[in-house]
A.B. asks: 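Just passing along the structure, written as structure tokens.
All values below come from the heavy atoms of this structure, side chains included, with hydrogens, waters and symmetry mates left out. Within every chain, numbering begins at 1; the chains are lettered A, B, ... in the order of the sequence lines, protein sequences first and strands thereafter. Owing to the predicted nature of the structure, the values given are computational and were not obtained by experimental measurement.
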Amino acid sequence: MRPSSVALGVLAVLAGVCLLIFGLFFRLTVEDEQKLTASRALVEKLGLTDLALFTEARYTRHPTQADLHSALQDHPGAFDHFPSGSLLPPPAILTQPHAHLAGKTTSPD
Amino acid sequence: MRIWLEKQRHLIDFTLASLARRKTKNIGLLLAYTLLVFVLASLTLFTQALRTEATFVLAGSPEVILQRMVAGRHDLIPPGYLDKIGRIRGVQKKEGRLWGYYYDPVLNANYTFMARPADEVADGHIMVGNALARERGLALHNTVSFRSYSGKLFTFEVSGVLSPDSELLSADLVLLSENDFRSFFEYPAGHYTDIALSVANPQEVRTVATKLSSALPDSRPILREEVLRTYQSVFDWREGIILTVLAGAILAFAILAWEKASGLSAEEKREIGILKAIGWETGDVIRMKTWEGLLISLTAFLLGFIAAYVHVFHFGAAVFEPVLKGWSVLYPKFTLVPAVEGLQIATLFFFTVFPYTAAVLVPIWRAAITDPDAVMR
């Protein structure tokens with residue numbers, strides 16, 4: 001067999017596997033779909049807001065519910081106690097993911 | 001067309017023979033290249049799957065959570081607070097939630113205690129998350145005791161273990177009845193931890209939140225879209241951190257690939273000289289080298305991507321697990337549902353396959369347009 005046939009054959013097989021992988025992404029298995037739907041139903045039922053990834057502190061267990069100053073919540077200038085703090089983004093105030101919903105006064109303060 | 005195809009196949013035959021002459025060097029390059037794609041694709045697939053899963057499941061979280069702030073800290077919702085919300089138009093359902101943290105010295109871990117209605121969990125019973133049950137060795141109908149913050153011992157019977165499939169959300173959860181929750185934490189009567197609001201029209205959520213802020217100035221509304229955005233930013237941040245750590249390796253590979261692709265060895269120069277001397281055209285030489293670049297980079301990309309897929313979705317990203325997943329005493333065991341964004345893979349493809357193929361061409365073109373006699377000397 002010619003080397004080019006082998007090389008192109010190998011490339012075609014690899015590309016086919018990649019396409020198959022892409023195909024899988026767009027069609028979830030029944031099991032995966034059930035798992036996702038069940039998790040979402042649990043979130044709706046219990047009113048959950050966060051993933052249970054890091055349980056050691058309020059701001060790592062419930063990053064969305066923690067104070068806006070996250071790592072500095074215990075007192076101003078407090079150190080970040082837990083290593084998982086490094087896996088979370090900096091305080092929200094720096095990246096502004098929170099909407100400004102504070103009431104605005106009609107007359108100057 | 002047939003002639004053109006046949007010509008390309010002959011060029012590939014020749015390229016493969018030429019690559020085989022420098023077997024060790026090229027296999028080494030292919031391995032390093034594949035490894036790089038594998039690392040980058042693993043990172044992309046893992047964070048994308050986590051991001052997609054978080055977005056999908058958390059889309060079911062309450063539209064608005066209302067916290068009360070005292071001196072800048074989260075405080076309990078006092079009685080009567082709920083009634084004030086009732087007057088805001090657009091709020092369909094409002095529910096006081098009771099939840100809190102409990103530190104268990106047995107596991108040295110924090111649990112999240114959450115009160116549920118009596119028809120779900122009876123007094124004296126609890127339902128626990130699968131990770132907690134696993135770590136504490138709990139099973140159905142077992143009894144477990146927790147010493148409350150006031151020093152009293154409370155004993156509960158496990159009436160259910162939450163599904164292992166939901167461990168990512170419920171690893172540390174302890175669901176108990178409202179009466180048990182209040183007596184365990186000595187929660188003042190009529191007080192709640194926060195309030196979950198359901199807003200019928202999604203377009204009204206912001207308006208409702210603004211109204212809440214002005215009606216209850218000591219409150220902090222947290223919107224569902226903020227929850228989702230926080231998780232997007234958590235995973236973007238973690239992906240970014242790992243990419244920063246990997247930046248050195250990526251640069252090292254870029255230098256290696258550039259060195260290999262752009263610096264022609266004397267042997268390669270002589271080969272080009274001979275080819276030109278026996279009648280190959282400049283275009284043929286360039287085509288041959290394009291095939292060389294494509295064969296190496298495409299094989300590396302496809303192998304790396306497939307290996308990354310198997311690694312992330314079948315072996316739970318075992319190689320990078322500590323870095324990608326992080327750690328915790330009560331860490332959930334979870335398998336992610338495969339999810340990929342075409343754009344991310346296309347970006348990875350573009351930044352790995354194209355630069356190498358392009359880097360191969362420039363020096364070849366320079367060598368190929370010079371006089372064969374001069375190149376061979």
Side-chain angles (χ1 to χ4, degrees), chain A residues 2-8 10-11 14-15 17-18 21-22 24-25 28 32-36 38-44 46-58 60-69 73 83-84 86-90 92 95 97-99 101-104, chain B residues 9 12-13 16-17 53-54 56-62 65 67 73-74 97 101 109-110 112 114 129 163 165-166 168-173 196 209-210 213-214 217 221-223 226-227 229-230 233-234 237-238 241 295 298-299 302-303 305-306 309 326-330 332 337-340:
Chain A
R2 283 170 66 174
S4 60
S5 310
V6 177
L8 291 177
V10 168
L11 273 182
L14 291 176
V17 174
C18 279
I21 287 173
F22 270 98
L24 289 178
F25 285 133
L28 288 178
D32 284 342
E33 219 161 298
Q34 275 172 353
K35 185 188 144 194
L36 281 178
S39 296
R40 191 159 164 174
L42 186 81
V43 168
E44 277 172 21
L46 303 181
L48 303 178
T49 50
D50 287 86
L51 303 183
L53 284 170
F54 313 111
T55 54
E56 55 268 13
R58 295 196 300 274
T60 56
R61 173 62 179 91
H62 290 103
T64 66
Q65 307 296 301
D67 298 345
L68 286 167
H69 312 289
Q73 63 181 340
S84 50
S86 65
L87 294 169
L88 295 168
T95 47
H98 292 271
L101 297 166
K104 288 184 184 63
Chain B
R9 288 193 62 183
I12 295 172
D13 285 339
L16 287 171
E53 189 147 338
F56 182 83
V57 296
L58 291 177
S61 68
I65 296 276
Q67 290 181 347
R73 307 284 301 252
H74 181 192
R97 302 197 312 164
Y101 302 107
N110 281 315
T112 303
M114 193 174 230
S163 160
D165 285 345
S166 68
L168 188 57
L169 292 149
S170 62
D172 66 336
L173 274 190
T210 316
S213 295
S214 51
I222 301 162
L223 311 185
E226 284 175 351
V227 168
R229 210 160 46 212
T230 301
S233 100
V234 166
W237 173 255
R238 294 175 73 182
I241 282 198
L295 284 175
L298 263 181
T299 312
L302 294 172
L303 273 177
F305 179 71
I306 294 167
Y309 176 83
W327 65 273
S328 177
V329 181
L330 255 188
V337 173
V340 76

A.B. asks: Flag this pair as yes if the NZ/CZ of A/Arg58 is under 6.0 angstrom from the six-membered ring centre of B/Tyr101 and inside a 45 degree cone about the axis; otherwise no.
C.D. replies: no
A.B. asks: Highest number of heavy-atom pairs under 4.5 Å with chain A: which of B/Leu295, B/Thr299, B/Val57?
C.D. replies: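 Maximum pair count with chain A is reached by B/Val57.
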A.B. asks: From B/Ile306 CD1 over to A/Cys18 SG, what is the distance, rounded to the nearest 0.5 angstrom?
C.D. replies: 4.0 Å
A.B. asks: Ignoring hydrogens, what is the shortest heavy-atom contact between A/Gln65 and B/Gln67? Give both atom names and the distance.
C.D. replies: O-NE2, 2.8 Å
A.B. asks: How many angstroms lie between atom CG of B/Leu302 and atom CG of A/Leu11, to the nearest 0.5 angstrom?
C.D. replies: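 Taking CG in B/Leu302 and CG in A/Leu11, the distance rounds to 6.5 Å.
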A.B. asks: Side chain, backbone, both or neither: which part of B/Leu16 has an atom under 4.5 Å from a heavy atom of chain A?
C.D. replies: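 Side chain of B/Leu16 only, per the 4.5 Å heavy-atom cut-off to chain A.
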A.B. asks: By side chain to side chain donor-acceptor pair (under 3.5 Å), which residues pair with A/Thr49, not counting sequence neighbours?
C.D. replies: none
A.B. asks: Specify the closest pair of heavy atoms between A/Asp32 and B/Pro338, including all atoms of both residues, with the distance to one decimal.
C.D. replies: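 For A/Asp32 and B/Pro338, the tightest heavy-atom pair comes out as OD2-CD, 3.7 Å.
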A.B. asks: Hey, is the main chain of B/Ser61 close enough, under 3.5 Å, to the side chain of A/Glu44 for a donor-acceptor pair?
C.D. replies: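 Such a contact is absent between A/Glu44 side chain and B/Ser61 backbone.
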A.B. asks: Which one, A/Asp50, A/Val6, A/Val17, A/Leu42, leads in non-hydrogen pairs under 4.5 Å with chain B?
C.D. replies: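 Heavy-atom pairs under 4.5 Å are most numerous for A/Asp50.
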A.B. asks: Do B/Leu168 and A/Leu53 have side chains that get closer than 4.5 Å, going by heavy atoms?
C.D. replies: yes
A.B. asks: With side chain to side chain contact (heavy atoms under 4.5 Å, CB included) as the criterion, how do A/Lys35 and B/Ser163 come out once you've worked through the C-alpha distance, each side chain's angles and the decisive distance to 0.1 Å?
C.D. replies: CA-CA 10 Å; A/Lys35 185 188 144 194; B/Ser163 160; over 6 Å; no
A.B. asks: With respect to chain B, which residue among A/Glu33, A/His62, A/Gln34 yields the maximal number of heavy-atom pairs within a distance under 4.5 Å?
C.D. replies: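 Answer, by heavy-atom pair count under 4.5 Å with chain B: A/His62.
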A.B. asks: Taking C-beta and beyond as the side chain, do B/Ile12 and A/Pro3 meet within less than 4.5 Å on heavy atoms?
C.D. replies: no
A.B. asks: Given a strict heavy-atom distance threshold of 4.5 Å, which part of A/Leu8 is in contact with chain B: side chain, backbone, both, or neither?
C.D. replies: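 Contact with chain B is through the side chain of A/Leu8 alone.
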A.B. asks: What do the steps show when you test B/Leu173 against A/Leu46 for side chain to side chain contact (heavy atoms under 4.5 Å, CB included), and what is the final call?
C.D. replies: CA-CA 10 Å; B/Leu173 274 190; A/Leu46 303 181; 3.7 Å; yes
A.B. asks: By side chain to side chain donor-acceptor pair (under 3.5 Å), which residues pair with B/Asn110, not counting sequence neighbours?
C.D. replies: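 In terms of side chain to side chain donor-acceptor pair (under 3.5 Å), with neighbours along the sequence ignored, B/Asn110 is linked to no residue.
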A.B. asks: Could you look at A/Ala38 and say if it's the side chain, the backbone, both or neither that has a heavy atom under 4.5 Å from chain B?
C.D. replies: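 A/Ala38 has no heavy atom closer than 4.5 Å to chain B.
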A.B. asks: Measure from the side-chain N and O atoms of A/Arg40 to the backbone N and O of B/Leu58, and report whether any donor-acceptor pair falls under 3.5 Å.
C.D. replies: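 No, A/Arg40 side chain to B/Leu58 backbone: no donor-acceptor pair under 3.5 Å.
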A.B. asks: B/Ala171 versus chain A, heavy atoms under 4.5 Å apart: side chain, backbone, both or neither?
C.D. replies: both
A.B. asks: Distance alone, cut at 3.5 Å: any donor-acceptor contact between the side chains of A/Thr64 and B/Arg229?
C.D. replies: no
A.B. asks: Rounded to the nearest 0.5 Å, what separates atom CZ in B/Arg9 from atom OG in A/Ser5?
C.D. replies: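 Interatomic distance, B/Arg9 CZ to A/Ser5 OG, rounded to 0.5 Å: 3.5 Å.
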A.B. asks: Identify which part of B/Leu169 has an atom lying under 4.5 Å from any heavy atom of chain A, answering side chain, backbone, both or neither.
C.D. replies: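 For B/Leu169, backbone and side chain are both near chain A.
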A.B. asks: Using side-chain heavy atoms (C-beta onward) and a distance below 4.5 Å, is B/Leu303 in contact with A/Leu14?
C.D. replies: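 Yes - at least one pair of side-chain heavy atoms lies under 4.5 Å apart.
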A.B. asks: Would you check, one step at a time, whether the test side chain to side chain contact (heavy atoms under 4.5 Å, CB included) holds for B/Thr112 with A/Thr55?
C.D. replies: CA-CA 8 Å; B/Thr112 303; A/Thr55 54; 6.0 Å; no
A.B. asks: So how far is it from A/Leu51 CG to B/Ser170 OG, rounded to the nearest 0.5 Å?
C.D. replies: 11.0 Å
